[in-house]
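Computed from a predicted structure; not experimentally measured.
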Amino acid sequence: MTQHAFLAAHGLFDARAPRYTSYPPAPHFTDAVGPQRMEDWLRATPAGTRLSVYAHVPFCRRLCWFCASRTQGLKTDTPLAPYVAALLSEARMVADLLPQGTRAGQVTLGGGTPTILPPDLLRELLTGLRDVFAATEEAIVSVEVDPTMLDDGRLDAMAEAGLTRATLGLQDFDPTVQAAIGRVQTEAETRTAVEGLRARGVRRIKMDLLYGLPHQSRDSMTRTVDAALSMGPDRIALYGYAHVPWASRRQLMIDKAALPDGPTRLRLFDLAAARIVDAGYIRVGVDHFARPDDPLVDAAARGALRRTFQGYTEDAAPVLIGLGASAVSRLPQGHAQNAARTADWAARIAAGRLATVRGHAMTADDDLRGDLIQQLLCHFAAHPRDFGDRAGAARDLLTRLAARWPAAVETDAEGGVTLRPEAWPLVRLVAMDLDAYAKPVRRACIVA
C-alpha cells in the first residue's frame, strides 16, 4: 500500500480536524468566562511570573480572500490612533491587576496588518507595551509585517522600539495564484522588506507560505519556495489553506473548483517540505522549519516546544496576555477571549472594564488531554513518564488511542505512543481521539 493509499484509508482526505492551537479549540469557548473570571485569574498570577504579550491589530488596507482571521478593511487611517490608545488603556488595566514583579519576556503585534500603523503609532504601541508590562532587557519583540505596507519610516520606528523578530506572509509568488486569492505581493517587495529588516539588526525572520491554494501547482510551489529560501529566512511556516467560507465569507470570492484535491495538497506539502529540508532547515512539528541554530530547534530537542495561536514557539511563559479585539489570553486557569467586534471591544475598554466575553475554565481532565495533544502536535509522540502523578491517567488515554490507531502508532513498554513517520500527516486526526469536545462527524479536508 502506498503512503497516499494508507492516509486515504485512515480518512485524511475527507476529514476535518482542529489545528489544535489551543485546547479545547476556540469554537468550544463559552460565555461562562467573563470579565470577573478574567480579573480573578489575573490577580491570582504568582508574583514574578514571566508573561508573553500579544496585541491584535485587526485592520487591513485590503481584505485578502484566503484569510480567515478576524480583520476589517480600512480606507483611511482615522480609526488607528483611537485603537492604539484603547490598546494601551487595556494594557494598563490588565497590568494593574497583575501582582508586582511580573515581566514580559515577549511582545508581539499580530493582525490583521500591524504595519498599517504609521511610524509614530507603531513606535508608541511597541514602546508602550514594553513599558507597561516591564519587558525584560532581553525581551523578544515581534511584529507581523506586510511587505506591501512597509517603508523606511515604519522600519526605523520598529527598530527604535526594539524589534528583534518579524514574520512575513508571502503565501505564493505566482501571479495567477495571487489573483485568485486577492493578494498581490511581488518577490521584489518581499526581498526589500527582508533587506530592510536585516539592515536594522532584526535577528530572526520568519516567512509564512501556504499550500492548497487555487491554481497552485508543483511549478508554482517550487518557484515560491526557492524564492523564499533565497532570502534566507530563519524560519518557514508551511500552512495548509483551509477553505471555510461558512466561517469567513470573503472566501466565497475563491473559486472552489480551482482548489487542489486532498492528495494534490499533500503532494504540494511534501514537495515544499523536501526542498526546505534539502536547503538545511530542520522540520519542527507539523508545519514549521528552522535553521539548526534557531531556538525553535533547541526547544524541540529539549521537549520544550509549544504550539499556540501564533504557531510553534520556544516561549515557555505560563501566561499569555491577549490585547485587542478578538484576542485570546491563556492563563493556567483557562482561556479568555475579548469581544470580537472592534466597536464592542473599544466600548468595554472605554467603560473601564475588561473586554472578556467568552473563554474556557480548564479542568484537570482538560489539562491532561491538552498536554497530551501538545506532545503529539509538537513531537509526534506522547509518553506517560512526562506526566508525574498524572502518569496513570495519561497511560490509560494513550492505551485507548493506540488501540484505535494500530497501523499509525507504535507503543513502548511504558505505554508511550509514537506516530510512525508515514502517519505524521494524520497527527491532528489522531489527536482528535484525545479531544473530549470533538464532534463525531468529520468532513471537509484540511491537511496538516
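Using cut-offs of 30° and 60° for the angle between ring planes, the F269 and F289 rings count as tilted.
No donor-acceptor pair under 3.5 Å is formed between the side chain of D367 and the backbone N or O of A364. No donor-acceptor pair closer than 3.5 Å links the side chain of D287 to the backbone N or O of L238. Between the side chain of E90 and the backbone N or O of G324 there is at least one donor-acceptor pair closer than 3.5 Å. Judged purely by atom type and a 3.5 angstrom limit, R265 uses its side chain to pair as donor or acceptor with the backbone of Y241. Under a 3.5 Å cut-off, the side chain of R307 and the backbone N or O of R19 do form a donor-acceptor pair.
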Side chain to side chain contact (heavy atoms under 4.5 Å, CB included) between L210 and D172, intermediate numbers included: CA-CA 7 Å; L210 283 180; D172 190 300; over 6 Å; no
Side chain to side chain contact (heavy atoms under 4.5 Å, CB included) evaluation trace for H335 with R358: CA-CA 8 Å; H335 305 278; R358 61 198 292 264; over 6 Å; no
Verdict with supporting geometry, L401 and L397, side chain to side chain contact (heavy atoms under 4.5 Å, CB included): CA-CA 6 Å; L401 180 145; L397 287 171; over 6 Å; no
Candidate pair L117 and R154, rule side chain to side chain contact (heavy atoms under 4.5 Å, CB included), full reasoning: CA-CA 8 Å; L117 299 175; R154 288 178 169 86; 5.9 Å; no
side-chain hydrogen bond (donor to acceptor under 3.5 Å, both in side chains) assessment of T399 paired with D396: CA-CA 5 Å; T399 298; D396 289 344; 5.5 Å; no
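If you take CZ on R123 and CE on M158, they are separated by 11.0 Å, rounding to the nearest 0.5 Å. With values rounded to the nearest 0.5 angstrom, R203 atom CZ is found 11.5 Å from D294 atom CG. Distance check: E144 CD to K206 NZ gives 8.0 Å after rounding to the nearest 0.5 Å. Atoms CG and CD, on L170 and Q178 in that order, are 9.0 Å from each other to the nearest 0.5 Å. The structure places CG of L419 at 9.5 Å from CD of E410, a figure rounded to the nearest 0.5 Å. To the nearest 0.5 Å, atom CG of residue D14 and atom CG of residue D261 are 12.0 Å apart.
The number of heavy atoms from other shown groups lying within 6.0 Å of CD (E138) is above 12. Heavy-atom neighbours of R420 CZ from other residues, nucleotides or ligands within 6.0 Å: above the threshold of 12.
No side-chain heavy atom of V319 sits less than 4.5 Å from a side-chain heavy atom of W41. By the 4.5 Å heavy-atom criterion applied to side chains, Y20 and V427 are not counted as neighbours. Put simply, the side chain of F133 does not reach to within 4.5 Å of the side chain of V107, judged on heavy atoms. Residues T224 and V177 form no side-chain contact, since every pair of their non-hydrogen atoms from C-beta on lies 4.5 Å or further apart. Here the side chains of V357 and R348 are in contact, with some heavy-atom distance below 4.5 Å. Within the 4.5 Å cutoff, side-chain heavy atoms of D412 are placed close to those of R385. The side-chain heavy atoms of L125 and L88, taken from C-beta on, include a pair separated by under 4.5 Å. In this structure the side chain of I181 never reaches within 4.5 angstrom of the side chain of Q216, judged on heavy atoms.
Contact detail for P99 and T45: the closest heavy-atom pair is CG-O, 2.8 Å. In plain terms, the two heavy atoms of P18 and R428 that are nearest each other are O-NE, 2.8 Å. Of all non-hydrogen atoms in Q185 and P147, the two that sit nearest each other are NE2-CG, 3.5 Å. Nearest heavy-atom pair, R130 versus A161, reported as atom, atom and distance to 0.1 Å: NH1-O, 3.0 Å. Listed here is the closest heavy atom pair of R306 and A316: NH1-C, 3.4 Å. Closest non-hydrogen pair, A104 versus A139, comes out as O-CB, 3.9 Å.
Of the charged side-chain nitrogens involved, at least one lies within less than 4.0 Å of a carboxylate oxygen, so that R165 and E314 count as a salt-bridged pair. The pair R390-D371 meets the salt-bridge criterion, since a charged nitrogen lies less than 4.0 angstrom from a carboxylate oxygen. A salt bridge links D156 to R200: one of the charged nitrogens lies within less than 4.0 Å of a carboxylate oxygen. The pair D146-R183 counts as a salt bridge, with a side-chain nitrogen and a carboxylate oxygen less than 4.0 angstrom apart.
The salt bridge (Lys or Arg N to Asp or Glu O under 4.0 Å) analysis of residues 74-86, with sequence neighbours excluded, yields the pairs R61-D77.
Partners of H288 according to the ring pair (Phe, Tyr, Trp, His ring centres under 6.0 Å) rule, which considers only residues two or more places apart in sequence or in another chain, are Y239, Y312.
Checked against the 6.0 Å centroid threshold, H360 and Y437 count as a close aromatic pair.
When the options L155, V141, V143, L197 are evaluated for a side chain to side chain contact (heavy atoms under 4.5 Å, CB included) with V202, the one that passes is L197.
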